[in-house]
Amino acid sequence: MSIKDTLSQAAAIRDAVGQTVGKTVGTVAKDQMNHVVSTVLKQRSYKVLHAADASSRVAEQANRDLLFRLLEDNKDTEYGKQYDFASIHDIDTYRERLPLTTYEDYEDAITRMAEHDEKNILTAYPVVYYASTSGTSGAPKKIPVSDKGLQVFREHSSSMFVSVVSEFYKNTMLKGVPDGYWLAMMNFAQTPLPNGTMFGSISAACLNDEALKAMPYFACTPLDVFKCTGSANFKYLHARYGLAQRNVTQIVGPYIPALLDLMNYIKEEWKMVVEDIRQGTINSEVLMPDDLRATLEAQLVPDPLRADELEREFEKGFDQTIMLRIWPKLSGISSIWAGNFSSYARKLQEYSGRSIPYYTMSYVSSEGIFGVARHPHDQCYVMLPDSCFFEFIPVVNGKDDDEAPDAKTVLLDEVQEGKDYELVITNQSGFYRYRMGDVIRVIGFYNESPMITFKYRKKNIVSIAGEKFTEDHLLSAVRSFERKTGINVIDFCMYPDRDAEPGRYVVLLEPEEIVPKERYDEC
């Protein structure tokens, strides 16, 4: 059943309920629609999970097949003609003929595509979106996303989370995940480019028209909030709508610090939010565009029963049971929390306890989706051999061949457990032998697919005396500090002080509790 069919069935349910006046009837109708949408999401997600498992069993062949399909389909593009894709029949020729690339190699072509609507330059597939990069300085890059590339994103983003958590509950508790609503901390704002194609985050592109129509039946926060492009207090809005909905089953956000911030905000501001739920209002001091406020206030109704329930639970205190006390059906938390973010997960567990499965989402960027976590609590990713064609530049003693355009690569079936590699991709949207700048470590294999952990971004390396200090080194140092001192660190950052003699790194730590001054020297 498609989402379109789901909505048709949901409409039939709504019509069957009738037009009886009253909020209770409206709630029943919405909950029944939620059941239908939830059922379809679970059915779809199992298909994606089974497909991912199947491709992992033939990872080498699936990855090779993908490359040669891309070469065949794109042989008549400008790029394909430049490198004569039509005459490439083996991977060695592909690696010998095409250089390793970076974003700068595609900038002129992307400008022609995005601003002048020129086609068949990098890819023969229709470019349906341009994704913005995140986490870097300067103006965001425009990453073309083809219809085929977007399909891969959509199949593996939320679907894997739903199926993996459902599988976990069936295997450990002999029951399924209950129906309910998602507290999703996302932003789906987009802007049009000169050629009319939309530009925004890759997560915004993953929602097609059918998914957007289905969102009111499974997301707590209204779609108008997700689409807001103005300044707004999104923490308040997600808290306001998330707390109003008792049947929250999943909490989802791109990065776990945002989820921790939300719970910290609720702890500090719960009285204001609960009063707004009781009165059916939005606090007048909360920042948001006037048109958004008017739209939201027109839809709100008082809910004193839910407000009383929340007040009782919050007055008991904010311990490891609070999230389950206010959301009794909570079944999973999905966010990027592995590696450098693991300290935030530990802190969030002070609100959720340890019984709720944490899922670390996907290894994804604007250029592609590269791997998925196969089980809750995994801090590694199983690579997806049918998403991109993968190559790997070996990193030895923290060094690789940074500048060489013909650096030697190994393939998916040639990587070794325990070794570090820089990731190189050929994606389904027109990037060929593209250096992601990510360094990953192979920690094992799931069937034939490598299981990897993200180590660091090459651009995030700092050096005072040529030592190449990475995020991974810093994380190891902080973890060592925690073990030796018994002090838990909530957050940390570092900068190189090159004016000092000798040069040094200054590390700023935010401890979980105040550290007595008499321990400063020890620390």
[X] side chain near [Y] side chain, heavy-atom distance below 4.5 Å:
| X | Y | value |
| --- | --- | --- |
| Phe390 | Phe370 | yes |
| Leu183 | Leu262 | yes |
| Arg435 | Ile393 | yes |
| Asp261 | Tyr265 | no |
| Val177 | Gln250 | yes |
| Ile487 | Arg519 | yes |
| Phe314 | Ile266 | yes |
| Glu391 | Leu411 | yes |

request  = With side chain to side chain contact (heavy atoms under 4.5 Å, CB included) as the test, would you mind laying out the steps for Val48 and Arg44 before giving the verdict?
outcome  = CA-CA 7 Å; Val48 172; Arg44 278 189 173 184; 5.7 Å; no

Short side-chain to backbone donor-acceptor contact, [X] and [Y], under 3.5 Å:
| X | Y | answer |
| --- | --- | --- |
| Arg293 | Val286 | yes |
| Tyr421 | Val442 | no |
| Ser335 | Gly253 | yes |
| Tyr363 | Cys380 | no |
| Ser55 | Pro385 | no |
| Arg240 | Thr281 | yes |
| Trp327 | Gly242 | yes |
| Tyr129 | Gly200 | yes |
| Thr360 | Gln379 | no |

task = Check step by step if side chain to side chain contact (heavy atoms under 4.5 Å, CB included) holds for Phe389 and Leu412.
result = CA-CA 9 Å; Phe389 177 71; Leu412 196 74; over 6 Å; no

Supply the atom-to-atom distance [X] [atom1] to [Y] [atom2], rounded to the nearest 0.5 angstrom.
| X | Y | atom1 | atom2 | answer |
| --- | --- | --- | --- | --- |
| Ser166 | Tyr46 | OG | OH | 4.0 Å |
| Cys228 | Phe234 | SG | CZ | 4.0 Å |
| Lys142 | Ser132 | NZ | OG | 10.0 Å |
| Ser387 | His156 | OG | NE2 | 7.5 Å |
| Glu448 | Asn63 | CD | CG | 11.0 Å |
| Glu269 | Asp276 | CD | CG | 11.0 Å |

request  = Would you please say whether a donor-acceptor pair under 3.5 Å links the side chains of Asp319 and Thr321?
outcome  =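 Yes.
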
request  = Indicate whether any N or O donor in one side chain lies under 3.5 Å from an N or O acceptor in the other, for Ser352 and Tyr358.
outcome  =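 Yes.
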
Residue pair [X] / [Y]: nearest heavy atoms and the distance that separates them:
| X | Y | value |
| --- | --- | --- |
| Glu313 | Ile326 | CB-CG2, 4.0 Å |
| Ala184 | Thr221 | O-OG1, 4.3 Å |
| Tyr236 | Asn283 | OH-N, 3.4 Å |
| Ile143 | Ser366 | CG2-O, 3.6 Å |
| Tyr434 | Glu367 | OH-OE2, 3.2 Å |
| Ser56 | Asn447 | OG-ND2, 2.8 Å |

If the threshold is 4.0 Å, N to carboxylate O, is there a salt bridge linking [X] and [Y]?
| X | Y | result |
| --- | --- | --- |
| Asp105 | Arg433 | no |
| Arg312 | Glu309 | no |
| Asp438 | Arg457 | yes |
| Glu268 | Lys235 | no |
| Arg278 | Glu311 | yes |

May I ask you to decide if the ring planes of [X] and [Y] are parallel, tilted or perpendicular, using 30° and 60° as cut-offs?
| X | Y | result |
| --- | --- | --- |
| His377 | Trp337 | perpendicular |
| Tyr446 | His375 | perpendicular |
| His238 | Phe226 | tilted |

Neighbour count >12 (heavy atoms, 6.0 Å) for atom [atom1], [X]:
| X | atom1 | result |
| --- | --- | --- |
| Glu522 | CD | yes |
| Lys329 | NZ | yes |
| Asp290 | CG | no |
| Glu510 | CD | yes |

key: side chain to side chain contact (heavy atoms under 4.5 Å, CB included) partner of Asp303, chosen from Leu310, Ile277, Asp308   =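 Answer to the side chain to side chain contact (heavy atoms under 4.5 Å, CB included) test with Asp303 among Leu310, Ile277, Asp308: Ile277.
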
task = Evaluate the side chain to side chain contact (heavy atoms under 4.5 Å, CB included) criterion for residues Ile251 and Met323: first the C-alpha distance (whole Å), next the side-chain angles of each, then the deciding distance (0.1 Å), finally the verdict.
result = CA-CA 10 Å; Ile251 299 179; Met323 292 177 78; 3.4 Å; yes

key: Stepwise side chain to side chain contact (heavy atoms under 4.5 Å, CB included) check, Glu167 with Arg374   = CA-CA 10 Å; Glu167 180 186 65; Arg374 185 56 184 81; 2.7 Å; yes

